[in-house]
Structures are given as C-alpha cells and as structure tokens.
Amino acid sequence: MNILALETSCDETSAAVIDLNPKRLRLAAINISSQIKLHAPYGGVVPELAARRHAEIIVPLINQTLKQAKLGPAKIDALAVTGGPGLITALQVGVETAKTLAYAWHKPLIPVNHITGHLVSPFLKPELWKEAQSKKYWPAVALVISGGHTEIYLMPALNKWRLLGRTLDDAVGEAFDKVAKMLGLPYPGGPAVAKLATKGNSQSFALPRPMIKNQNYNFSFAGLKTAVLYALKKYSASAINYQLKADICASFQQAAIDVLLYKILKAANEFKAKTIMVSGGVSANQELRRQLVNQINKLPPTAYPLLPTPYILLPDLRFTGDNAAMIALAGYVIAFNGKKLNKYQNIWKNLTAQANWELWG
Ligand code: KG4
Ligand code: ZN
C-alpha cells in the first residue's frame with residue numbers, strides 16, 4: 001500500500017511516499033526542505049515566514065516526490081498529514097493541501113499527531129519493520145525530545161501509547177537553542193552546542209539536574225537554562241572566550257543528558273520495558289546516544305533490578321528531525337496497518353489543523 005504524507009508543522013516542508021505492508025517497508029521517495037536559512041537571521045522560527053515558504057513549495061515538492069517514487073495519483077492508496085501540534089499557520093498549509101488532494105483524488109486522509117510520527121520513527125528501517133509487530137520489542141518506553149516536546153510514553157504496542165511524563169516548562173531542544181543564543185552560537189542551537197561541547201569539560205560548571213529526584217516522569221528545563229545564564233553573568237564579555245563557551249556547552253549538555261537518561265531508565269525499569277526508544281530532533285545528539293548505550297551495557301544488576309538488557313531503538317539521523325516519512329508510517333499504524341482506511345474516506349470534509357493537539361488528551 002502506498003501512502004503519501006505531508007509534514008509542515010514547523011520549519012521543514014516534507015513529502016514522502018512509503019510502500020507498506022505488515023512485513024515490508026519501502027521508502028519510495030522522501031523530500032525534506034529545511035527553512036533554516038530563512039529563519040536564521042531572526043534566531044528562531046518566524047511563523048508567518050514559515051507558512052509562506054510552505055505554501056510556495058509544497059505543490060512542487062509533492063510533484064517531485066511522486067516523480068521520484070515513479071507513481072501517479074492512481075497508485076496512491078491513502079494520504080497522511082500532520083494535523084498538529086505545531087505552528088497553526090504552518091500546519092494549515094499541509095492540512096489544506098492534503099484535504100484538496102484527498103477531495104480531488106478520492107483518497108482516504110489520515111490525520112496524524114506529530115508526536116506519533118516521532119514515536120514510530122525508529123521503525124523507518126526495512127530490516128526492523130519486518131519485526132515491528134512482534135512481541136520481542138513490546139512493551140517499550142519512548143522518550144520524545146525535540147524543540148517543542150520532552151515526553152516519556154509507555155508503548156504496550158506500536159499503535160498504543162500512554163503518557164508517563166513531560167516537561168512542565170521548556171522542551172529540552174528549546175533549552176539547547178536558548179543556551180546557544182546566550183553564547184552567540186548560530187541557529188538552530190542544538191547542533192552548535194553539541195559540536196562545541198566536544199571541546200569542553202562537562203565537569204567545569206556545576207549545573208542543576210532539575211527534577212531528577214522527583215518520583216515522577218516530568219521534566220523542567222527552564223531552571224537549567226537560567227542556571228547557565230547566571231553562570232555566564234559571573235564573567236565579563238571579554239572573558240567569555242572559546243574555551244569557556246565550550247565548557248558551558250559540555251556542562252549544560254551533560255546536565256540535560258543526566259536527567260533524560262535517568263528518567264527513561266527509571267521508566268524502563270518500572271514498566272519492564274523490552275525496548276527503549278529515543279526520537280525527535282535532540283535524539284541526533286551523539287553524546288546522548290553514546291551514553292545511553294554505555295549506561296545500558298554497564299547497568300549494575302542492583303540499579304535496575306527489573307530490567308533485562310533492553311533493545312535500544314533510535315531513528316536514522318535523517319529521521320530525527322521533522323519529516324514526512326514518519327508521518328506516513330504513523331498514518332499506516334493508526335489506520336490499523338491500512339485495514340481501517342474506510343474510516344478516513346471523508347475526513348477531508350471536516351479536518352482542521354490543531355496547534356495544541358495533545359496526544360494524551
Ligand atoms: O524534531 P525537531 O526537528 O522539531 C520539533 O518538532 O521541535 O527538533 C528540533 C530541535 C531543535 O531544538 C534543535 O536545536 C534540536 O532539535 N537538535 C539538537 C541536535 N540536533 C537538533 N539538540 C541537541 N543536539 C543535537 N545534535
Ligand atoms: Zn518534531
């Protein structure tokens with residue numbers, strides 16, 4: 001079954017076609033057009049500019065994607081689109097385009113929550129997909145970390161998710177971006193902070209590990225960001241040199257990693273997870289990936305008594321950020337492996353983008 005998906009929730013315009021059945025996943029075509037250069041001068045995403053750019057390029061992008069997939073509309077079985085959460089003006093471009101295509105082509109249209117896309121993104125690998133529904137991976141615990149989200153879910157199966165905890169203020173990616181801004185690093189801040197952190201000493205600044213001792217799975221990153229600001233205030237502008245910035249980046253990144261890994265391992269232990277998944281833009285962070293693998297391999301039996309060595313599933317780097325391939329896969333999963341497509345035949349009539357669509361609502 002061929003699913004054509006669109007993603008326009010923030011600053012990437014993306015279209016993808018995936019050919020799916022329960023045992024086979026073939027990525028027929030994927031295009032991701034980043035708006036980084038457009039927003040960089042403003043140090044963050046400008047919603048109005050994002051929407052305008054999505055509107056300019058979405059139709060040519062769909063055309064190009066279908067050409068690459070060597071498929072005409074007649075061969076598309078269903079459409080999927082990110083319905084929220086995200087920037088409303090940006091979401092509307094994808095949603096209205098998908099509705100128009102669904103109407104004109106008489107196709108079912110599956111609205112997908114953006115987080116669901118990130119949750120299933122580690123399975124965008126043909127080898128892994130074959131076994132995605134097998135019992136060996138479930139239950140899983142999943143950490144979604146991006147510019148807008150920091151959440152932990154329990155997943156009893158690939159199409160079932162329950163929120164265990166989330167950030168009470170800033171998302172972790174947002175904290176990376178804000179720390180980058182304080183240090184005068186380029187937008188987007190996450191990759192810049194991660195790169196500079198490789199040259200720094202993570203022990204040099206004693207930063208807080210917010211909420212690490214709380215008995216829940218919630219997070220808070222606003223305080224960590226403020227602690228970085230206060231640490232910097234102790235120095236004159238001329239003293240904030242390359243090495244000091246690198247030390248700040250390394251110390252901040254380590255504080256964030258400590259909290260994220262502590263909570264996801266705690267959840268894995270409590271729910272006897274067979275798999276730990278980490279996805280979203282921040283899951284591209286190499287230091288976080290390295291420490292996750294290290295911690296799992298070095299677990300003392302007494303630290304997490306309930307946890308047999310779990311699988312670690314991470315998305316390919318090209319699918320950590322926002323992309324339509326994960327939306328196509330999520331659409332397929334939501335429609336019960338495409339068995340419930342009938343339900344989505346007339347969705348185009350009433351679908352509206354929802355900026356605050358909560359997966360746990
Ligand atoms: O998933 P994503 O592309 O968009 C949202 O749904 O928010 O995530 C973007 C976020 C940004 O905050 C960016 O700075 C962060 O992911 N990011 C990173 C890294 N690469 C991207 N954060 C830390 N380390 C990285 N290597
Ligand atoms: Zn995202």
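Bear in mind the structure is a predicted one, so any value in this text is a computation, not a measurement. Every number for a ligand or one of its atoms is a count from 1 in the order of the listing.
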Visitor: To check your reading of the model: name the closest protein heavy atom to atom 15 (C) of ligand 1, its residue, and the distance in Å.
Guide: V282 CG2, 3.9 Å
Visitor: Using heavy atoms and a threshold below 4.0 Å, how should the contact between Q286 and ligand 1 be classified: side chain, backbone, both, or neither?
Guide: neither
Visitor: Check contact between P191 and ligand 1, using heavy atoms of the residue and a distance below 4.0 angstrom.
Guide: yes
Visitor: Okay, side chain of T116, backbone of V112: is any donor-acceptor separation there less than 3.5 Å?
Guide: no
Visitor: For a quick check under 3.5 Å, do H114 and E7 share a side-chain donor-acceptor pair by atom type?
Guide: yes
Visitor: With a cut-off of 2.8 Å, does C10 put an N/O/S atom close enough to the Zn ion (ligand 2)?
Guide: no
Visitor: Near the Zn ion (ligand 2), is there an N/O/S atom from H114 that is less than 2.8 Å away?
Guide: yes
Visitor: I want to know if ligand 1 touches P188 in the polar sense, i.e. an N/O pair below 3.5 angstrom.
Guide: no
Visitor: Tell me whether D247 contacts the main-chain N or O of N201 through its side chain, where contact means a donor paired with an acceptor under 3.5 Å.
Guide: yes
Visitor: Below the 3.5 angstrom mark, is there an N/O of G148, backbone or side chain, next to an N/O of ligand 1?
Guide: yes
Visitor: Side chain of N218, backbone of G165: donor and acceptor closer than 3.5 Å?
Guide: no
Visitor: G281 heavy atoms, cut-off 4.0 Å: which ligand 1 atoms fall inside?
Guide: 1 (O), 2 (P), 8 (O), 16 (O), 17 (N), 18 (C), 19 (C), 20 (N), 21 (C)
Visitor: Out of V179, D177, I145, I32, who gets a non-hydrogen atom closest to atom 11 (C) of ligand 1?
Guide: D177
Visitor: Could you tell me whether a side-chain N or O of H39 sits under 3.5 Å from a main-chain N or O of V46, the two making a donor and an acceptor?
Guide: yes
Visitor: Using only N, O or S atoms, tell me which atom of D322 is closest to the Zn ion (ligand 2).
Guide: OD1
Visitor: Would Q254 and Q291 count as having a side-chain donor-acceptor pair, cut-off 3.5 Å?
Guide: yes
Visitor: Could you find the nearest protein heavy atom to atom 22 (N) of ligand 1 and give me its residue, atom name and distance?
Guide: G190 CA, 3.4 Å
Visitor: Do ligand 1 and G147 have nitrogen or oxygen atoms that lie under 3.5 Å from each other?
Guide: yes
Visitor: In terms of side-chain geometry, is the basic nitrogen of K107 or D77 positioned less than 4.0 Å from the acidic oxygen of its partner?
Guide: no
Visitor: Which atoms of ligand 1 sit under 4.0 Å from any heavy atom of H118?
Guide: 1 (O), 6 (O)
Visitor: Below 4.0 angstrom, N of the basic side chain to O of the carboxylate: do K266 and E270 qualify?
Guide: no
Visitor: With no hydrogens and no angle check, do the side chains of E358 and N113 hold a donor and an acceptor under 3.5 Å apart?
Guide: no
Visitor: Does any N or O in the side chain of T65 come within less than 3.5 Å of the main-chain N or O of A29, such that one atom is a donor and the other an acceptor?
Guide: no
Visitor: Who's the nearest protein heavy-atom neighbour of atom 4 (O) of ligand 1, and how far?
Guide: D322 OD2, 3.2 Å
Visitor: Give the residue, atom name and distance (to 0.1 Å) of the protein heavy atom nearest atom 24 (N) of ligand 1.
Guide: N285 ND2, 3.0 Å
Visitor: What atoms of ligand 1 come closer than 4.0 angstrom to any heavy atom of H114?
Guide: 6 (O)
Visitor: Aromatic contact between W129 and Y137, with the criterion being ring centroids under 6.0 Å apart: yes or no?
Guide: no
Visitor: Within the structure, does G173 bring an N/O atom to less than 3.5 angstrom of an N/O atom in ligand 1?
Guide: yes
